[in-house]
Amino acid sequence: MTNKQIKAVSLISGGLDSLLSTKIILDQGIHVEGINFFTGFCMEGHTHAIRKQKKNSVKRNNALWVAEKLGIKLHIIDVIEEYRDVLLNPKYGYGKNMNPCLDCKGFMVKKAKEWMVEYEFDFIITGEVVGQRPMSQRKETMPIVQLESGANDLLLRPLCAKHLPVTKAEIENWVDRKKLLDFSGRTRKPQMSLAKEYGFDGYATPAGGCCFLTDKQYSDKLVDMWKSHGNRDYQLDDLMMLKVGRHIRPNPRFKMIIAREEGEVKFLEGYRNQYANLYPTSCNGPLALIDGNPNQADLQIAAKILARYSQGRGHDSVDVEIKLDVDIMQTLSIKPFSADEIQKDWMV
């Protein structure tokens with residue numbers, strides 16, 4: 001009778017911690033496959049691909065890069081619809097911004113457990129480290145993740161396991177506890193040192209987050225969108241829009257989304273049939289979309305703002321074409337706003 005191959009599923013965010021925690025378990029002879037949940041708020045791939053900023057940096061999905069580096073399968077699962085309730089009704093509230101970190105981690109581990117059961121895996125790995133920044137990684141909150149997810153002792157955190165109670169994987173001798181680690185606190189030096197030992201380089205910036213909800217500017221834009229729409233509903237396109245462009249709201253009736261560079265112009269062009277839009281015709285300048293219901297006076301303001309961000313900002317007049325609908329277009333010849341005329345409280 002042959003021994004059963006023990007199998008673990010690892011939550012792969014694309015960061016250094018999930019890379020290291022998975023490697024530790026792989027080195028103990030466990031079969032590991034990765035899982036990555038797409039909520040719509042992930043800082044992966046799309047925004048890096050849209051913008052030409054830092055054009056010499058590598059454009060990649062970090063979760064896929066980690067899986068390739070480790071030589072494991074990665075399962076990317078769309079949970080946008082299921083994640084709504086986590087975001088809108090977090091049992092444990094939000095972090096500093098609109099990030100429901102504790103509820104989010106519990107949700108992710110719960111989904112991983114469902115996947116583990118369905119595909120007959122044995123336990124779950126995460127890259128969590130006790131005492132790190134996210135509210136889900138405080139010593140007093142880590143047990144809540146196990147409880148809320150239903151994973152209990154099926155959840156193993158290899159990087160800080162020696163600070164935590166033993167799990168089933170250790171009790172059953174699937175893994176050797178002595179080979180697990182005792183990392184804790186906010187310092188990233190132990191992880192970076194271990195990465196060097198393994199020969200890992202080119203990994204995602206250790207301090208970088210993987211969720212836009214932890215970003216104040218993004219969170220402010222999300223709340224502004226909900227307020228303007230009169231409800232907290234959202235679609236994937238809405239979430240993508242919040243990641244792109246310069247957002248300016250002169251008044252409650254409308255908001256402008258102005259491309260900041262060529263890559264964003266090309267991206268926003270894909271939405272020109274869904275939004276009113278405007279662009280300069282007498283000089284080079286960005287495309288802007290309009291979200292809302294502006295009146296004619298608002299369109300004058302919008303044109304002056306757009307002209308300010310065009311190459312005609314120093315001219316006496318700039319021609320701006322405004323397309324409100326397929327058959328409704330107008331051209332305004334206006335004087336660009338000065339920098340002082342664009343009020344700070346307009347910036348979302």
Side-chain angles (χ1 to χ4, degrees), residues 43 46-57 59 212 215-225 227-228 237-348:
M43 290 186 178
H46 30 67
T47 48
H48 303 126
I50 291 168
R51 300 198 69 186
K52 289 190 173 183
Q53 187 182 54
K54 298 180 182 178
K55 60 184 178 182
N56 293 326
S57 62
K59 305 296 190 294
F212 269 106
D215 180 81
K216 184 181 186 307
Q217 287 186 324
Y218 186 90
S219 292
D220 288 347
K221 291 175 186 176
L222 179 63
V223 173
D224 171 78
M225 181 189 77
K227 183 178 178 180
S228 68
D237 280 348
D238 297 324
L239 306 186
M240 289 297 295
M241 282 296 188
L242 297 180
K243 301 173 185 179
V244 176
R246 181 181 285 108
H247 291 235
I248 300 177
R249 184 179 294 284
N251 62 53
R253 289 185 294 275
F254 79 104
K255 177 179 74 171
M256 298 178 68
I257 305 171
I258 306 175
R260 293 169 292 187
E261 56 167 53
E262 183 184 351
E264 290 190 340
V265 169
K266 291 180 178 178
F267 177 80
L268 294 181
E269 281 178 344
Y271 291 89
R272 290 179 72 169
N273 291 330
Q274 296 172 237
Y275 290 84
N277 58 81
L278 60 160
Y279 52 93
T281 56
S282 60
C283 62
N284 291 329
L287 170 70
L289 303 185
I290 293 180
D291 181 22
N293 297 291
N295 58 32
Q296 192 60 38
D298 294 332
L299 294 179
Q300 290 274 344
I301 292 172
K304 291 179 179 181
I305 292 172
L306 182 71
R308 170 64 198 172
Y309 290 104
S310 75
Q311 291 185 12
R313 65 178 64 87
H315 298 175
D316 291 333
S317 178
V318 172
D319 293 341
V320 175
E321 185 165 286
I322 302 174
K323 181 180 178 183
L324 297 176
D325 205 338
V326 177
D327 300 317
I328 305 176
M329 299 181 69
Q330 60 178 287
T331 299
L332 298 177
S333 294
I334 48 83
K335 181 176 177 59
F337 270 149
S338 67
D340 293 339
E341 289 177 296
I342 298 179
Q343 300 175 31
K344 289 183 179 180
D345 60 3
W346 291 356
M347 311 301 290
V348 180

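Model, not experiment: these values are computed from the prediction. The figures here come from the full heavy-atom set of this structure, side chains too, leaving out hydrogens, waters and symmetry mates.
Of the listed residues (Asp345, Asp224, Asp220), just one forms a salt bridge (Lys or Arg N to Asp or Glu O under 4.0 Å) with Arg249, and that residue is Asp224.
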For a side chain to side chain contact (heavy atoms under 4.5 Å, CB included) check, start with the C-alpha distance between Ile248 and Ile258, then their side-chain angles and the critical distance, and finish with the verdict. CA-CA 8 Å; Ile248 300 177; Ile258 306 175; 3.8 Å; yes

Let's go through Ile342 and Arg308 carefully: what are the C-alpha distance in whole Å and the side-chain angles of both, what is the deciding distance for side chain to side chain contact (heavy atoms under 4.5 Å, CB included) to 0.1 Å, and is it a yes or a no? CA-CA 9 Å; Ile342 298 179; Arg308 170 64 198 172; 3.4 Å; yes

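Between Met347 and Arg246, the closest side-chain pair of non-hydrogen atoms falls below 4.5 Å. Residues Val244 and Leu268 have side chains in contact (heavy-atom distance under 4.5 Å, counting atoms from C-beta outward). Contact of the Asp291 side chain with the Met256 side chain is not registered, since no non-hydrogen atoms from C-beta on lie closer than 4.5 Å. Put simply, the side chain of Glu269 reaches to within 4.5 Å of the side chain of Val265, judged on heavy atoms.
For the atom pair Leu278 CG and Leu306 CG, the distance stands at 4.5 Å (nearest 0.5 Å). Within the model, atoms NZ of Lys323 and CG of Asn273 stand 5.0 Å from one another, a figure rounded to the nearest 0.5 Å. The CZ atom of Arg313 sits 7.5 Å away from the CD atom of Gln311 when rounded to the nearest 0.5 Å. Note that OH of Tyr218 is 5.5 Å distant from NZ of Lys243, once rounded to the nearest 0.5 Å. Once rounded to the nearest 0.5 Å, the distance linking CZ of Phe337 with NZ of Lys304 reads 5.0 Å. Residue Glu321 holds its CD atom at 6.0 Å from OG1 of Thr281, rounded to the nearest 0.5 Å.
Judged purely by distance below 3.5 Å, without hydrogens or angles, the side chains of Asp319 and Ser333 pair a donor atom with an acceptor atom.
By the 30° and 60° cut-offs, the orientation of the rings of Tyr271 relative to Tyr275 is perpendicular.
A donor-acceptor pair under 3.5 Å links the side-chain atoms of His247 to the main chain of Met241, judged by distance alone. A donor-acceptor pair under 3.5 Å is formed between the side chain of Asn277 and the backbone N or O of Arg272. Remark: the backbone N or O of Lys216 is not paired with any side-chain donor or acceptor of Ser219 at under 3.5 angstrom.
Listed here is the closest heavy atom pair of Val318 and Gly312: CG2-O, 3.4 Å. Between Met329 and Asp325, the shortest heavy-atom distance links the atoms CG-O, 4.5 Å. In this structure, Asp237 and Gln274 approach most closely via the heavy-atom pair OD2-NE2, 4.0 Å.
Residues that satisfy the ring pair (Phe, Tyr, Trp, His ring centres under 6.0 Å) test with Tyr309, not counting sequence neighbours, are absent from this structure.
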Would you be so kind as to tabulate the donor-acceptor pairs closer than 3.5 Å made by side chains of residues 294-303, with sequence neighbours excluded?
unit_1 : atom_1 : unit_2 : atom_2 : d
Asn295 : OD1    : Ala297 : N      : 3.1
Asn295 : OD1    : Asp298 : N      : 2.7
Gln296 : NE2    : Gln330 : OE1    : 2.9
Asp298 : OD1    : Asn251 : ND2    : 2.9
Asp298 : OD1    : Arg253 : NH2    : 3.0
Asp298 : OD2    : Arg253 : NE     : 2.7
Asp298 : OD2    : Asn295 : N      : 2.9

